[in-house]
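To keep things clear, I will list the structure first and then write my remarks on it.
The sequence lines fix the lettering, A, B, ..., with proteins before strands; numbering per chain opens at 1. Just so you know, these numbers come straight off a predicted model, no measurement behind them.
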Amino acid sequence: MYNTKRMPEYPLNQSFYNRQVIEVAYDLIGKRLVRQMNGFQISGLICETEAYDGMSDLACHARVGKTNRTAVMFGPPGFAYVYFTYGMHWCFNVVTGEEGYAAAVLIRAIIPDTGLEFIANNRQGIDKQHWVDGPAKLTKALMIDKSQNGVNLSNSKSGLWIEEGAHIDKSRIIHGPRIGIDRTPEPWRSKPWRFWVETI
DNA sequence: CGCCCGATGTGCT
DNA sequence: GCACATCGGGCGT
C-alpha cells in the first residue's frame, strides 16, 4: 500500500550520478523521485528507466552535439535535463557521468508513493493505473516542466530530487530495448538500455 | 488488451 | 520542412 508518513530522507549526492549512465539507470530502479513545493510533497518509486549514452549513441539527443536544448546534458552529473516533445509533453532525465560527457537517464515510470491527492488532481479523468506509467505522464503528475531544466538534484532546495527508496530484489529488474526510437539505426536501436521491474 | 491516429510546437537541417 | 526518447480517445478483438 501507499505510504503516508516517512522518515526524513536526503537527496542522493552527486557521486551517485558521476558514473556510467547504464549503471545509474539500473541503480535508479526502486529509488524515490520527490517533488516538493510550498509545503507539499509528491513522490513515486522509480520503476522504469532508459539510458542514453553520449554523442556516439544515435538515439541520444546529444548525437548532434551541444545545442541550447541539450546543453545541460553536457554539464556536470546530478542535474535535471527536461525537454519538450510532440508539441505538448515534458520528459525528465538525470544527467550522468563526468562534465563534458553528454549522457542521461530518462525516467519513464514511477509507482505513486506520497501526495496521491495532488497526483489525482494533476491527472484528472485518468484511471489511477495510468497516472504515472509514462515519461510525460509522471512529469504532469509531479508538475515538472521547463522551469526544472538544469536544477541541481542533489540540493533539496531545488524542490526536485531522488532519494533512497524501496529495496528491489535484483532478480526482479529486467532490461530490453528502448522505446520510441524506431528510426534509430542499429546497433543503437536494439541496445538493451531500458530497465524496469518485472512485476508491479 | 491491441492498433490507429490526431494533437501540437520546438529544434535542427 | 519535418522529425519527434508521447499521450489519450476510439473502436475492434
Between [X] ([atom1]) and [N] ([atom2]), how many Å, whole number?
X	N	atom1	atom2	result
A/E48	C/dT6	CD	P	10 Å
A/D145	C/dT6	CG	P	18 Å
A/N93	C/dT6	CG	P	11 Å
A/H130	C/dT6	NE2	P	17 Å
A/L58	C/dC4	CG	C1'	16 Å
A/M73	B/dG11	CE	C1'	13 Å
A/F84	C/dA3	CZ	C1'	14 Å
A/D133	B/dC1	CG	C1'	14 Å

Is a side-chain N or O of [X] found less than 3.5 angstrom from the main chain of [Y], in a donor-acceptor match?
X	Y	answer
A/R35	A/L142	yes
A/D127	A/Q129	no
A/R189	A/D182	yes

> Any side-chain N or O of A/R108 under 4.0 Å from OP1/OP2 of C/dA5?
Replying inline: no
Let's see if you can work this out: which of [options] has an atom nearest to the side-chain heavy atoms of [X]?
X	options	result
A/R123	B/dG11, C/dG8, B/dG9	C/dG8
A/H61	B/dT13, C/dA5, C/dC4	C/dA5
A/H89	C/dA3, C/dA5, C/dT6	C/dT6
A/T67	C/dC7, B/dC12, C/dA5	B/dC12
A/L106	C/dA5, C/dG8, C/dC7	C/dA5

> If you pin A/G180 and A/G125 to their nearest nucleotides in DNA chain C, which one's is more 5'?
Replying inline: A/G180
> So which one's nearest nucleotide on DNA chain C is more toward 5', A/E50 or A/I126?
Replying inline: A/E50
>> Distance alone, cut at 3.5 Å: any donor-acceptor contact between the side chains of A/Y83 and A/N149?
In response: no
>> One thing to verify: whether A/D27 and A/R19 come together as a salt bridge, which I'm taking to mean a side-chain N less than 4.0 angstrom from a carboxylate O.
In response: yes
> Paired with B/dT8 by Watson-Crick or G-U wobble geometry, both distances under 3.5 Å: which nucleotide is it?
Replying inline: none
> Which heavy-atom pair separates A/S154 from A/N13 by the least distance, and what is that distance?
Replying inline: OG-C, 3.5 Å
> Base, sugar-phosphate alone, or nothing: which one does A/R69 contact when heavy atoms must sit under 4.0 Å apart?
Replying inline: sugar-phosphate
> Which part of the nucleic acid, if any, lies within reach of A/A59 when heavy atoms closer than 4.0 Å are counted: base, sugar-phosphate only, or nothing?
Replying inline: base
>> Taking the nucleotide of DNA chain B with the nearest heavy atom to each, does A/M88 or A/K146 sit closer to the 5' end?
In response: A/M88
>> Going by centres under 5.5 angstrom and planes under 30 degrees, do the aromatic ring of A/Y83 and the base ring of C/dA5 stack?
In response: no
> If you take atom types as modelled and just measure distance, does the side chain of A/Y86 reach the base of B/dA7 with a donor-acceptor pair under 3.5 Å?
Replying inline: no
